[in-house]
Amino acid sequence: MKKSLTIVLILFCLLSCSQQENNKSQAKQAPDFYVILQSGKYGYMDKNGTVVISAQFDGAGFFSEDYAPVNIGGKKNKYNRIDGGKWGFIDKTGKYIINPQYDDVHRFNDGIAAVSLGGKWGF
């Protein structure tokens, strides 16, 4: 019992230290674009405060792997989340790389993104 507890604690410490290093390296990287809200619509500005993608979306997420999730036709609920509408993805020029067609999406990770349509999830 004592040996397995020691192994678990060592693994926990290793994972914790690794996560702290990841957080430090991520903290050093400022995002290229920030989500903005203007007149009830979402868009993006750069580090200098210049609007680079006009506020035209009903919902927007952060860029990940050069793509950001955006919503058309959705409305904010009481929890400040977007209900309804359709989600798609844009690139850093504001061009759709995947047209809004999904009920829900997650950010890109390792070149794929989870998407939901009709209550079913896929990648």
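The structure displayed is predicted, hence computed values, not measured ones.
Applying the ring pair (Phe, Tyr, Trp, His ring centres under 6.0 Å) criterion to Y42, with sequence neighbours excluded, gives no partner residue. In this structure, the side chain to side chain donor-acceptor pair (under 3.5 Å) partners of D83, at least two apart in sequence or on a different chain, are N77.
W121 and Y102 fall into different hydrophobic clusters, defined by Ile, Leu, Val, Met, Phe, Trp and Tyr side-chain heavy atoms under 4.5 Å apart, directly or through other members. Hydrophobic clustering keeps V70 apart from M45 (ILVMFWY residues linked when any side-chain heavy atoms are closer than 4.5 Å, directly or through intermediates).
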For residues 58-67, run the donor-acceptor check on the side chains, cut-off 3.5 Å, and write out each pair with its distance to 0.1 Å, sequence neighbours left out.
residue	atom	partner	partner atom	Å
D58	OD1	K41	NZ	2.6
D58	OD2	G73	N	2.6
S64	OG	F108	O	2.6
E65	OE1	G111	N	2.8
E65	OE2	D110	N	2.5
D66	OD1	K92	NZ	3.3

Donor-acceptor list for residues 47-55 side chains, cut-off 3.5 Å, not counting sequence neighbours:
residue	atom	partner	partner atom	Å
S54	OG	Q56	NE2	3.2

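For the pair A113 and H106, the tightest heavy-atom approach, listed with the atom from each and the gap, is CB-O, 3.4 Å. Annotation for D103 and W87: closest pair O-CD1, 3.3 Å, computed over non-hydrogen atoms. In terms of heavy-atom proximity, N71 sits nearest to G84 at ND2-O, 3.1 Å.
Apart from F123 itself, the hydrophobic cluster it occupies contains I112, where clustering links Ile, Leu, Val, Met, Phe, Trp and Tyr at side-chain heavy-atom distances under 4.5 Å.
The closest side-chain heavy-atom distance from I90 to F57 is below 4.5 Å. No side-chain heavy atom of Y96 sits under 4.5 Å from any side-chain heavy atom of D91.
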Exercise for review: I would like to know whether Y44 and I36 meet side-chain contact (heavy atoms from CB on, under 4.5 Å); could you show each step before the answer?
Suggested key: CA-CA 5 Å; Y44 297 86; I36 58 170; 5.6 Å; no
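Evaluation of the salt bridge (charged side-chain N to carboxylate O under 4.0 Å, His left out) test over residues 111-122, restricted to residues two or more places apart or in two chains, returns none.
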